[in-house]
Amino acid sequence: MTTSTNTSENPSGKIRVRFAPSPTGYLHVGGARTALFNWLFARRFGGTMILRIEDTDIERNRPELVEGILDGLRWLGVDWDEGPYFQSQRLDLHRAAAEKLAASGAAYFCDCPPEKYAGGDAVEETEDAKKEAGPRRVTRCACRGGKPGLSTQNAAIRFRVPQGTTTKFEDAVFGPREVANEEIEDFVLLRSPKDGQAQGAPTYQLSVVVDDIDMRVTHVIRGSDHISNTPKQALLYRALGATPPIFAHVPLILGPDRTRLSKRHGATSVGSYRDEGFLPEAFRNFLALLGWSVGDAEFMRTSEIISLFSLEGVSRTNGVFDRPKLEWYNVQYLQKLPIDELVPFIQGELERSKLWQPEWAGEKREWFSKTVDLLRPRTRLLPDFSTWARAFFSDTFEYDPQAREKFWKDERLGPMLGKLADAVAAITDWNHDACDHALRELAAAEGVKAGLLINATRVAIVGQAVAPPLFDTMLVLGQERVVRRLRSAVDALSTH
RNA sequence: GGCGCUAUGGUGCAAAGGUUAGCACGUGGCCCUUUCAAGGCCAAAAUGCGGGUUCGAUUCCCGCUAGCGCUACCA
């Protein structure tokens, strides 16, 4: 067994990845996709998936906001092996790293007022700035040279970016990257203390790196919006005596107008897709293929995706979240899932809508599976089972106005449905063909096309213009119920 | 403004110098059919622009354009 050195292509077992969301209260689809890619990568190569909550922003540091993220991940089926860790509980570690860097000279204290750098008009105090090259906005202030009397009590700590050299890092998606250090500002590691605070807070750049080192993360898979800041992090790894991980920046998810997906594009949290009645596996399949692919493969069970996933298949171009395609995936799963895998979702849907009967999981289990199987070719979302298909699960349902309009026009229908009720009631051997014969014989006797009766009967027994094939529907509903509904329809037709 | 990334039909992806540029969603049509889906078949629809390199560019290089990202003592 040889150990591969190409850890991005054929990692040898000790892969460690992490998903590090900030607690926003819900799992955004962009975050969900990042989480999914990390998870797929970990599962593919037998690695470890770590969950870390980046809650250093005190404003958003509330427990219920974390719960929303966890709920989203659980629904998505993305589980983790370690964590959740909370960055807010690790601040001392981060501070210690900053102070260590300051002590070694890799960083320095700076007490320039933050406003000095605010906005796009930052200062320029580099020597070559006086040239006509125009203002460069790379922060490199006088404090860099050393200023006495400064400490964490009264100043911030900035990283001293080594000049005259270049910073490289490996990106499994974008390839090797290299930037001139002159382009990298002396970014803040530790903020200056706020009024009343004894010490300042670590910045994101510092915290991620310290935590990723501490958690021995080998592959940082995250949104490509982080790519520009990665050189800073690569620098920090080295200053801290660590080897940078392999980065893998995945493209962003855009709305239909090609701007970054946001609330104004409509639903952006995975929770809303769950609530709408998408199947998690369909959502996963869709998300996995948004920014990743293997040839022309489209419909792939999660196990397949895991076995095929690789960073090499990740695209570099931002992609538009295409809702119609997501729906197509849902229809595919609704159609193709083994019935036993689908049934629990339908049970959940019926429970939510108060239509569920416990016996359907017991003695009428077979009936329930059969009914779901009959219904599913015409469903798109889970709620279809409790709305459109309500009459299969409840005796209280309404006649869809459009269905009446479409199929109950003919005035002869009232009497005919009455006769059909009698004919159906007289069936001794309740099966598909018996229903078929009863109806067609009546149609012939009445001199009407079978279609007229079929369509009208459908409305009568399920209240909808659209339903599974009529005789299958009758079978599943049962003789007694069909007769009863036919008689009710006669009343409904006469009073109208 | 600076730095960077990206660029194949409306959308998501294929084609790792040579294909009639492929697949899927969506769209239109046909078939199937008791409704409506599903399914099957067919169709319209793309290599941003300009230069190179090469016998040959979707593919490699340069420029332009466009989009996006980063440019905080946010994460």
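Chain letters run A, B, ... following the sequence lines, proteins first and then strands; every chain starts at 1. Reckoned from all heavy atoms, side chains included, excluding hydrogens, waters and symmetry mates.
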Quiz item: Quick one: does A/D296 reach the base of B/G22 with a side-chain donor-acceptor pair under 3.5 Å?
Solution: yes
Practice problem: With the side chain of A/V466 defined as its heavy atoms from C-beta on, choose the nearest nucleotide among B/U6, B/U34, B/C36. | Solution: B/C36
Quiz item: With sugar-phosphate meaning primed atoms plus P, OP1 and OP2, does A/A450 contact a base, only sugar-phosphate, or nothing at under 4.0 Å between heavy atoms?
Solution: nothing
Exercise. Rounded to the nearest angstrom, tell me the gap between atom CZ in A/R95 and atom P in B/C73.
Key: 18 Å
Quiz item: So what does A/Q332 touch, heavy atoms closer than 4.0 Å: a base, only the sugar-phosphate, or nothing?
Solution: sugar-phosphate
Quiz item: Which nucleotide sits closest to the side chain of A/E185: B/U71, B/C5, B/G2?
Solution: B/U71
Quiz item: What does A/H249 touch in the nucleic acid at a heavy-atom separation under 4.0 angstrom: a base, only the sugar-phosphate, or nothing?
Solution: nothing
Quiz item: Counting side-chain heavy atoms from CB outward, which of B/C5, B/C13, B/U35 is closest to A/R177?
Solution: B/C5
Quiz prompt | Proximal nucleotide (of B/G69, B/C68, B/C13) relative to the A/S315 side chain | solution = B/C13
Self-check item: Pairwise C1' distance, B/G51 and B/A57 [rounded to whole Å]
Solution: 14 Å
Quiz prompt | Sugar-phosphate only, base, or nothing, as touched by A/K449 at under 4.0 Å among non-hydrogen atoms | solution = nothing
Quiz prompt | Options B/C73, B/A38, B/G69, nucleotide nearest the side-chain atoms of A/L252 | solution = B/G69
Practice problem: Examine the base of B/G12 for any acceptor or donor lying under 3.5 Å from a partner atom in the side chain of A/E298, and report the outcome as yes or no. | Solution: yes
Quiz item: Does the side chain of A/R258 get closer than 4.0 angstrom to OP1 or OP2 of B/G12 through an N or O atom?
Solution: yes
